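Please read all numbers here as calculations on a predicted model, not as lab measurements.
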Amino acid sequence: MRSGERSAVASIEQSADVDPTAVVGSRTRVWHLAQIRQGARIGDDCVIGRGAYIGAGVSVGAASKIQNHALVYEPADLGPGVFIGPAAVLTNDRFPRAANPDLTVKTGRDWQRVGVVVREGASVGARAVCVAPVTIGRWALVAAGAVVTRDVPDFALVAGAPARRVGWVGRAGVPLDPDPHEEGVLVCPATGARYRLTADGALVEETPEARDDA
């Protein structure tokens with residue numbers, strides 16, 4: 001799809017404000033009063049909720065959901081399958097000021113935008129704040145109301161202000177349980193999928209090949 005095109009099968013409510021240079025993917029639904037600014041790219045099969053804000057040049061991967069009144073400021077980069085909860089905020093200014101030290105109004109030339117990266121499948125809960133620059137790892141889960149000030153590892157469950165890891169989750173988003181028969185292995189109670197802690201403290205999905213090698 002070329003810049004400026006909207007898929008014929010995307011659904012955009014009349015009250016939504018979608019810049020002509022934004023790209024909205026097939027089967028994506030943009031609800032009332034949402035704003036999608038210039039150069040933003042929204043993938044296929046997404047939902048952009050009522051009153052949500054997508055900043056200029058922001059990229060949203062396919063099958064993502066940006067819930068009501070969420071604020072996704074540029075230059076955020078969201079992978080496929082990402083969930084941004086109601087009223088969550090992805091910031092873009094490390095040292096926010098309205099004015100320069102001499103009280104002249106700041107312009108775009110007076111500050112440097114920094115972004116939040118949200119990897120594939122990750123979720124940011126309602127009213128959470130991700131303070132840029134941070135990266136939310138693959139399939140991680142940020143609890144509602146958390147304030148994220150540092151990178152979040154893949155599959156981590158973080159909560160609090162500032163957010164700290166309080167557990168691990170799998171692709172289903174359900175907290176993982178320790179395998180009682182094998183140290184360092186966690187199991188999803190919803191799907192039975194297995195995950196293994198590495199020597200450096202990361203969590204990785206256990207493949208049949210890795211299980212045979214173990």
Side-chain contact, heavy-atom cut-off 4.5 Å: Tyr195 with Glu206?
-> no
Val114-Val152 co-clustered via ILVMFWY side chain contacts under 4.5 Å | no
Compare all side-chain heavy atoms of Thr191 with those of Arg171 and state whether any distance is below 4.5 angstrom.
-> no
Heavy-atom check, side chain of Arg97 versus side chain of Trp111, under 4.5 Å | no
More than 12 foreign heavy atoms under 6.0 Å from CZ of Arg127: is that the case here?
-> no
If you look at every heavy atom in Cys188 and Val174, which pair is closest and at what distance?
-> SG-CB, 4.5 Å
Hydrophobic cluster mates of Val169, side-chain heavy atoms under 4.5 angstrom, ILVMFWY only, any path?
-> Leu141, Leu157, Val166
Nearest heavy-atom contact between Leu176 and Pro189 is CA-CD, 4.4 Å
Kindly indicate whether the side chain of Leu186, heavy atoms from C-beta on, has any atom under 4.5 Å from the side chain of Phe155.
-> no
Find out whether Arg94 and Gln112 are in side-chain contact, i.e. whether some heavy atom of one side chain is under 4.5 Å from a heavy atom of the other.
-> no
Under 3.5 Å, is there a donor-acceptor pair between the side chain of Asn100 and the main chain of Asp102?
-> no
Quick one: pull up NE2 in His32 and OG in Ser15 and give me the separation to the nearest 0.5 Å.
-> 5.5 Å
Side-chain donor/acceptor of Asn92 to backbone N/O of Arg113, under 3.5 Å | no
Answer with yes or no whether the hydrophobic clustering places Ile84 together with Val129; edges join I, L, V, M, F, W, Y residues whose side-chain heavy atoms lie under 4.5 Å apart.
-> no
In terms of hydrophobic clustering (I, L, V, M, F, W, Y; side-chain heavy atoms under 4.5 Å; direct or indirect links), are Leu78 and Val117 co-clustered?
-> no
State whether the side chain of Thr91 and the backbone N or O of Tyr73 hold a donor-acceptor pair below 3.5 Å, judged by distance alone.
-> no
Could you pull out every donor-acceptor pair under 3.5 Å between side chains of residues 46-70 and any protein atom, sequence neighbours left out?
unit_1, atom_1, unit_2, atom_2, d
Tyr53, OH, Arg37, NH1, 3.0
Ser64, OG, Gly61, O, 2.9
Ser64, OG, Gly79, O, 3.2
Ser64, OG, Gly81, N, 3.4
Ser64, OG, Val82, N, 3.0
Asn68, OD1, Arg50, N, 3.0

Could you pull out the closest heavy-atom pair between Ala10 and Gly25, with the gap in Å?
-> CB-O, 3.5 Å
Under the 3.5 angstrom rule, does the side chain of Asp45 hit a backbone N or O of Arg27 as a donor-acceptor pair?
-> no
Using a 4.5 Å cut-off on heavy atoms from C-beta on, say whether the side chain of Val148 contacts that of Val116.
-> no
Nearest atoms (heavy-atom pairs only) where Ile136 meets Ala122 = CG2-CB, 3.9 Å
Measure the CZ-CD distance between Arg138 and Glu120 for me, rounded to the nearest 0.5 Å.
-> 5.0 Å
Given the rule that I, L, V, M, F, W and Y join up when any side-chain heavy atoms are under 4.5 Å apart, are Ile36 and Ile12 in one cluster?
-> yes
Would Val124 end up clustered with Trp139 when hydrophobic side chains under 4.5 Å apart are linked, directly or stepwise?
-> no
